Amino acid sequence: MTTTVSASPTAETSIGASTAARRALAPRGGRRRRILLRLLALVVLYGLWEVAARTTGNPTFIPSPGAVWHQLVQTSTTHDGVRGYSGHLLIEHLGVSLRRILIGSMIGIAGGVLLGVVMGTVSGFRVVIEPVVTFVRALPPLAYFSLFIIWFGIDETPKLWLLSIAALPPVAVATAAAVHSAPTGLVEAARALGAGRVHVIRDVVLPHALPEIFTGIRIAVGVAYSSVVAAETINGVPGIGGMVRDAQRYSQTDVVILGLFAIGLSGLIIDALLRTAENRLIPWRGQI
Amino acid sequence: MTTTVSASPTAETSIGASTAARRALAPRGGRRRRILLRLLALVVLYGLWEVAARTTGNPTFIPSPGAVWHQLVQTSTTHDGVRGYSGHLLIEHLGVSLRRILIGSMIGIAGGVLLGVVMGTVSGFRVVIEPVVTFVRALPPLAYFSLFIIWFGIDETPKLWLLSIAALPPVAVATAAAVHSAPTGLVEAARALGAGRVHVIRDVVLPHALPEIFTGIRIAVGVAYSSVVAAETINGVPGIGGMVRDAQRYSQTDVVILGLFAIGLSGLIIDALLRTAENRLIPWRGQI
Amino acid sequence: GDGAASGGDPGRKTIRIAYQAFPSGDLIVKNQRLLEDALPDYQITWTKFDSGASINTAFVAGSVDIAAIGSSPVARGLSAPLNIPYQVAFVLDVAGDNEALVARNGAGVTDITGLRGKKVGTPFASTAHYSLLAALDRAGVKESELTIVDLEPQDILAAWTRGDLDAAYSWLPSLDELRKTGTVLITSRELATAGKPTLDLGVVATDFVEAHPAAVDAWRKAQSQALNLIHDDPAAAAKSVGAELNLSPEEAQRQLSQGVFLKSEDLASPEWLGTSAAKGKLADNLVSAAQFLKDQQKIDAVPDLATVQAAIYTVGLPDALG
Amino acid sequence: MPSAESGDTAAITVTDVEHRYGEVVALGPIDLTVPPGEFLVLVGASGCGKSTLLRLIAGFEQPTTGTVLTGGVPPIPGRSAGLVFQQPRLFPWKTVGGNIELALRYAGQPTDGVDALLNRVGLHDVAKRRTWQISGGQQQRVAIARALAADRPLLLLDEPFAALDALTRERLQEDLRSVSTAPGRTSIFVTHSVDEAVFLGSRVVVLSPRPGRIVLDLPIHLPRTGITPDDLRGLPDYAALRAEIGHAVRSEGASA
Amino acid sequence: MPSAESGDTAAITVTDVEHRYGEVVALGPIDLTVPPGEFLVLVGASGCGKSTLLRLIAGFEQPTTGTVLTGGVPPIPGRSAGLVFQQPRLFPWKTVGGNIELALRYAGQPTDGVDALLNRVGLHDVAKRRTWQISGGQQQRVAIARALAADRPLLLLDEPFAALDALTRERLQEDLRSVSTAPGRTSIFVTHSVDEAVFLGSRVVVLSPRPGRIVLDLPIHLPRTGITPDDLRGLPDYAALRAEIGHAVRSEGASA
Ligand SMILES: Nc1ncnc2c1ncn2[C@@H]1O[C@H](COP(=O)(O)OP(=O)(O)OP(=O)(O)O)[C@@H](O)[C@H]1O
Ligand SMILES: Nc1ncnc2c1ncn2[C@@H]1O[C@H](COP(=O)(O)OP(=O)(O)OP(=O)(O)O)[C@@H](O)[C@H]1O
Ligand SMILES: [Mg+2]
Ligand SMILES: [Mg+2]
């Protein structure tokens with residue numbers, strides 16, 4: 001936790017013993033160690049899984065890694081004239097869902113930031129909107145999804161709506177909270193320099209809120225991800241959520257696990273991208 | 001945004017024009033205005049609803065306010081020898097679900113803070129745990145819920161697990177992010193005074209992270225709330241989620257709406273409590 | 001959660017029953033506490049489930065002893081990889097006019113062949129789904145020639161009203177609404193006559209059967225009592241069913257009247273369960289349902305007839321239904 | 001105060017002002033009129049209310065009692081005056097140059113003046129640095145440069161040179177003096193250095209410890225042009241003024 | 001340096017140290033040995049590396065080249081030395097009293113010493129205030145009090161009195177002088193005031209502008225006891241030392 005120029009944003013932080021020298025070393029030694037640790041963890045997890053699968057011996061309980069692998073091959077190829085799962089390859093299911101998640105998240109994030117900023121800055125607006133947002137974000141999507149069908153039909157629109165509404169609240173709440181705690185000292189500094197209301201929001205409030213907004217975004221994307229099955233309960237094939245749901249109803253646990261892996265891994269990648277963007281955009285982290 | 005002693009924590013913030021004098025007035029004039037604005041909004045919403053119900057004229061799509069009110073009475077009383085809805089009063093359904101949400105959230109929050117702090121401070125741990133958390137939080141509860149049933153049965157345990165796992169990630173992500181950006185200057189200040197690693201975490205890192213942790217908690221409780229229907233798909237009665245699902249299956253839209261109101265309103269109350277606690281615990285908001 | 005299976009423990013006097021919210025004698029047994037009265041020293045818990053799939057899951061978890069479940073999930077449960085150790089011990093009802101394929105007025109569909117190129121909604125993995133595919137098969141329409149959309153009944157209604165669907169295979173109560181603005185193409189009753197019946201069955205975990213045969217007898221007796229009530233005193237039956245489903249007695253009676261409820265003496269006939277000496281045609285029916293699932297790539301292998309016959313519980317039939 | 005009407009631009013009129021933070025009386029009551037063109041230096045014990053007075057004049061606080069007017073009207077933050085806060089308050093999300101650029105933009109100035117402004121406060125090669133990558137004194141100078149970006153008739157400086165060494169301080173003092181002798185410029189400058197007060201001020205006001213009241217209000221009549229700083233410091237008047245102000249500051253009992 | 005072995009506690013040995021932040025050479029190369037009991041005052045232009053040197057000695061930075069030892073071993077933050085940073089760095093989640101209490105607790109001292117410590121830096125009635133509810137000078141004094149909570153043999157102070165008025169400053173100077181004359185106490189004190197340097201120091205080190213190197217290392221042999229501050233300031237030696245140091249600071253060209 002020292003004030004260094006070169007501290008790599010991904011360098012490891014360890015409170016209590018970090019110095020410029022340690023930091024400088026971290027990126028290299030750290031990366032290798034990191035990869036090793038992760039590989040080790042993967043191997044251990046794999047071992048545990050294999051053992052668990054063998055001891056229970058019930059593929060509905062815990063399908064073996066081999067069975068899941070087999071399903072990966074099956075769902076990624078055309079075999080016996082059948083294309084993948086339910087007529088679509090795994091990658092197609094995933095692609096369709098990713099598209100939905102990305103569009104939904106994007107709408108939700110844009111809406112969330114907007115709502116959050118307005119809620120944090122326009123008090124008259126907040127008084128009315130904040131309870132509405134709190135109310136809505138408590139509602140279970142499964143409960144109101146039928147209404148969406150009435151309003152938006154059974155195609156893409158209701159799914160995108162559901163995902164947007166799932167992604168919006170974390171961003172809105174995080175943004176509003178961060179905007180609400182904008183640092184008095186810097187707001188005053190900007191105003192002393194002649195900044196107007198909009199300038200203050202753009203140049204102080206938003207940059208200050210950026211780390212929290214990013215946290216909100218990362219949570220939001222996670223929530224959108226975990227809502228994909230709910231969104232695809234209706235007319236969800238092709239779609240990874242629809243696939244999982246279908247497999248679940250037929251107790252094809254191996255396909256369910258495969259779907260979970262596809263979801264989880266792509267989620268990991270997206271989160272890594274978000275974190276990279278975050279580190280780029282917020283060099284002042286820890287300096288305020 | 002001025003440095004005042006007496007600024008009420010609930011006073012309205014409006015960047016660009018707030019001064020000590022305005023602030024001092026805000027709590028009074030503001031409260032009245034707030035209540036008026038909210039009442040107005042309620043009346044407008046009610047009007048819109050009534051109009052929408054009349055024009056569509058289909059109670060399965062948009063039940064009238066009166067019908068929902070009627071259901072409130074019906075489900076809150078014993079009539080024709082039938083007790084409430086499915087043998088339980090509305091308040092009982094809600095109580096059971098609230099208990100689940102609270103226990104689940106509590107476990108999730110405790111776990112999330114713990115994980116977040118450890119991830120933010122112990123680099124070896126983070127390398128392995130962070131991807132796991134990111135992986136898990138992308139997974140849709142609906143997809144793995146059947147596994148929970150297989151592992152934990154059909155009673156309270158799988159529901160509490162689902163709600164805990166829904167509530168954990170927002171708190172963990174927010175905590176880890178906040179811990180990660182602990183202010184270098186204050187960490188150094190504590191260490192210069194002789195603070196050990198644990199002291200630094202307790203006296204600097206955690207207090208600094210508190211606002212973000214609270215944001216995470218508020219998001220987490222919202223997510224737990226919105227997962228209650230998913231958690232109560234199996235053996236969910238009594239339970240407000242089970243009630244809604246049941247009503248949904250029989251197209252009793254008025255009961256669904258009633259359930260949504262019960263969920264949303266109790267969510268509002270819990271969020272208000274959380275915000276009050278937050279304002280009490282974080283008097284330094286905006287001063288850092 | 002007491003997920004741990006201990007149904008095989010004869011000393012444990014509890015019965016965990018999974019029921020579903022469709023009109024049947026099962027709800028009468030629950031509502032009139034027939035089983036509780038018959039087995040006063042048993043502690044009986046009733047748990048509502050909303051799909052056969054989740055009941056199968058609960059059986060795998062060892063969380064239930066007895067369940068009301070559709071024939072399609074039972075076929076799945078008896079097949080690999082699930083191979084759930086349970087026994088079919090009762091036929092609760094046979095789908096009749098309460099499940100049907102309806103075409104929306106204005107969609108220009110008058111018969112099943114007219115569905116080509118259209119959009120049809122049905123809840124996947126349900127008996128209705130099975131019936132829809134059976135109906136298409138009978139009419140020589142290939143599944144790939146139309147779009148089948150996975151929708152829960154209440155969602156079918158919503159999409160239907162918007163005009164997003166041309167037809168739907170669904171059940172009561174949403175079926176009532178569909179019929180108001182549509183024409184029935186085929187009902188499950190007709191399919192049943194044509195040899196593709198879909199049924200709601202009562203199944204009992206094998207280890208429970210072995211540990212508590214007397215309790216199973218009492219349960220079968222209570223179920224036939226309920227069947228008899230449906231035939232003898234429809235009003236009383238409807239009252240109980242209505243109370244369980246949050247419906248008015250009249251509405252419940254109307255729904256009951258559209259289902260096919262066997263007479264208790266028919267259960268042991270060769271058409272259905274049969275007897276220990278000669279298992280009934282129910283086994284063939286389940287095998288063909290499994291074959292259908294195999295064709296759909298939803299199960300790995302079709303169990304042979306003998307295996308399925310072994311999973312039909314006929315001990316003491318026909319007398320046990322007293 | 002009737003004299004308020006006399007100056008119509010950038011004059012400051014503080015009438016019977018007291019300021020409290022909750023229970024704490026921080027300042028006053030105070031009466032002060034600053035005509036345009038004055039360079040007023042404010043001296044007083046730590047905690048006596050100097051910063052509070054500057055914040056009142058800049059419009060960031062409303063007086064608990066009394067009125068504050070600048071140019072005849074109540075002050076509006078960012079309009080009435082330029083203000084250098086006691087802390088640098090740099091924006092960490094901007095580079096050093098970015099901070100200055102922002103100030104130039106708010107002031108409606110061309111943004112290519114960044115380097116010139118940095119040079120003016122004795123900084124080179126730091127425009128691309130992050131705000132925490134420069135020393136404390138350098139941060140303070142960036143804050144000064146930021147405030148100089150806008151060419152305002154009224155400039156309020158709260159201990160701007162506290163973290164600067166003698167040499168840098170003297171250079172900036174001279175710069176400030178030359179800026180403030182332009183016609184119509186009014187400045188209020190807070191310092192703890194009596195020497196600085198005499199060197200810079202056309203008038204020195206000494207506040208008593210908390211709550212600050214005016215205990216000395218002394219015009220400084222020293223030659224401002226045609227004399228080197230060293231010669232100025234060598235004048236006998238200079239030493240006398242220093243002594244008088246130093247005495248006023250010291251005699252005012254315990255600091256708050 | 002061989003003299004490093006002579007003092008076995010709290011002595012500082014800086015051997016051939018250079019420090020860079022990335023590309024920026026901030027300090028050195030520097031050699032400096034401070035025997036126990038010394039009160040070393042560090043003077044130099046803004047940005048010359050004074051804070052950097054203190055951070056090196058406190059163990060918050062590792063020298064890019066060379067070694068830093070305190071008491072014969074590499075410094076460990078919070079163990080080797082007490083440090084007053086250039087900024088107050090108070091914990092906003094604690095009250096003023098809470099900040100001091102925390103420091104006392106870390107130091108293993110009884111926590112009823114809060115008021116005594118606050119009194120020592122001239123603060124009354126502020127223990128219950130929030131850290132942003134006190135003035136800049138008051139914040140700086142709280143930071144000093146916090147560092148005084150632990151009774152460490154080595155004390156590093158980075159411009160601790162920059163925001164204080166003359167009177168308060170003099171009182172604290174005297175307090176610091178009396179504390180630091182206790183046997184075995186070593187202090188390094190950064191200031192921009194030459195007067196303060198001569199008054200406090202038993203030795204004054206002047207650094208050149210960036211990167212800072214030692215340009216003057218001057219022992220101060222003035223009587224420390226049995227003399228009033230005013231008399232001390234009146235000594236002819238005092239004025240001569242002031243002049244010499246002032247000259248060294250000024251002659252070192254442009255500040256960085
Ligand atoms: N927000 C606040 N709440 C309560 N008291 C405050 C607040 N801000 C300042 N004070 C008090 O008001 C008095 C005046 O504060 P001010 O900052 O104006 O002093 P100052 O003259 O600038 O002191 P310094 O030279 O130390 O900066 C001080 O005693 C201070 O403790
Ligand atoms: N993190 C950093 N990255 C790059 N350069 C830095 C960093 N920190 C300090 N510097 C530079 O190193 C030099 C020494 O800084 P330092 O803070 O030690 O100066 P100082 O002598 O304390 O100055 P001041 O009197 O202004 O406080 C300065 O020129 C500064 O710009
Ligand atoms: Mg001040
Ligand atoms: Mg410094």
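Below, read A as the first sequence line, B as the second, and so on, with proteins coming before strands; counting in each chain starts at 1. Everything numeric here is computed off the predicted structure, so don't read it as measured data.
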A.B. asks: Yes or no on side-chain contact (heavy atoms from CB on, under 4.5 Å) for A:Leu142 and B:Leu142, after CA distance, side-chain angles and deciding distance?
C.D. replies: CA-CA 10 Å; A:Leu142 290 180; B:Leu142 290 179; 4.1 Å; yes

A.B. asks: Looking only at heavy atoms, what is the nearest atom pair of B:Arg38 and A:Val127, with distance?
C.D. replies: NE-O, 2.8 Å

A.B. asks: Chain B: which of A:Val204, A:Leu260, A:Thr233 shares the most heavy-atom pairs with it under 4.5 Å?
C.D. replies: A:Leu260

A.B. asks: Considering only heavy atoms, which portion of A:Ile35 lies under 4.5 Å from any heavy atom of chain B: side chain, backbone, both, or neither?
C.D. replies: neither

A.B. asks: Count the heavy-atom pairs under 4.5 Å between each of B:Ala41, B:Gly267, B:Ala138 and chain A, then report the option with the highest count.
C.D. replies: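 The residue among B:Ala41, B:Gly267, B:Ala138 with the greatest pair count is B:Ala138.
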
A.B. asks: With no hydrogens and no angle check, is any side-chain donor or acceptor of B:Thr184 less than 3.5 Å from a backbone partner on A:Gly286?
C.D. replies: yes

A.B. asks: Sort out for me which of B:Ile62, B:Thr253, B:Ile219, B:Leu186 touches chain A most, counting heavy-atom pairs under 4.5 Å.
C.D. replies: B:Ile219

A.B. asks: What closest approach, in Å, do A:Val128 and B:Leu37 show between heavy atoms, and which atom pair accounts for it?
C.D. replies: CG2-O, 4.0 Å

A.B. asks: Which residues satisfy the side-chain contact (heavy atoms from CB on, under 4.5 Å) test with B:Leu268, sequence neighbours excluded?
C.D. replies: A:Pro131, A:Thr134, A:Phe135, B:Leu265

A.B. asks: Apply side-chain contact (heavy atoms from CB on, under 4.5 Å) to A:Leu206 and list each qualifying residue two or more places apart in sequence or on a separate chain.
C.D. replies: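 If we apply the side-chain contact (heavy atoms from CB on, under 4.5 Å) test to A:Leu206, skipping adjacent residues, the hits are A:Val117, A:Ile201, A:Ile213.
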
A.B. asks: Verify, without hydrogens or angle tests, whether A:Gln248 (side chain) and B:Phe145 (backbone) share a donor-acceptor contact under 3.5 angstrom.
C.D. replies: no

A.B. asks: Flag the one option from B:Leu45, B:Val223, B:Leu139 with the top tally of heavy-atom pairs under 4.5 Å to chain A.
C.D. replies: B:Leu139

A.B. asks: Which atoms of B:Pro211 come close to chain A, meaning under 4.5 Å heavy atom to heavy atom: side chain ones, backbone ones, both, or neither?
C.D. replies: neither

A.B. asks: Where does A:Arg137 contact chain B at under 4.5 Å (heavy atoms): side chain, backbone, both or neither?
C.D. replies: both

A.B. asks: If I measure from the heavy atoms of chain A, does B:Leu147 come under 4.5 Å with its side chain, its backbone, both, or neither?
C.D. replies: side chain

A.B. asks: With a 4.5 angstrom heavy-atom cut-off, which part of B:Glu130 approaches chain A: side chain, backbone, both or neither?
C.D. replies: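 Just the side chain, heavy atoms under 4.5 Å.
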
A.B. asks: So what's closer than 4.5 Å to chain B heavy atoms on A:Phe261: side chain, backbone, both or neither?
C.D. replies: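 The answer is both parts of A:Phe261.
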
A.B. asks: Can you list the residues of residues 165-176 of chain A that sit under 4.5 Å from chain B, counting heavy atoms only?
C.D. replies: A:Pro170, A:Val173, A:Ala174

A.B. asks: CZ/A:Arg285 to NE2/B:His180 distance, rounded to the nearest 0.5 angstrom?
C.D. replies: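 Reported to 0.5 Å precision, the distance equals 5.5 Å.
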
A.B. asks: Quick check: under 4.5 Å, non-hydrogen atoms only, which of residues 224-232 of chain A neighbour chain B?
C.D. replies: A:Tyr225, A:Ser226, A:Val228, A:Val229, A:Ala230

A.B. asks: Among A:Val136, A:Ile270, A:Val221, A:Ile263, which residue forms the greatest number of heavy-atom pairs with chain B at distances under 4.5 Å?
C.D. replies: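 When all of A:Val136, A:Ile270, A:Val221, A:Ile263 are compared, A:Ile263 has the most.
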
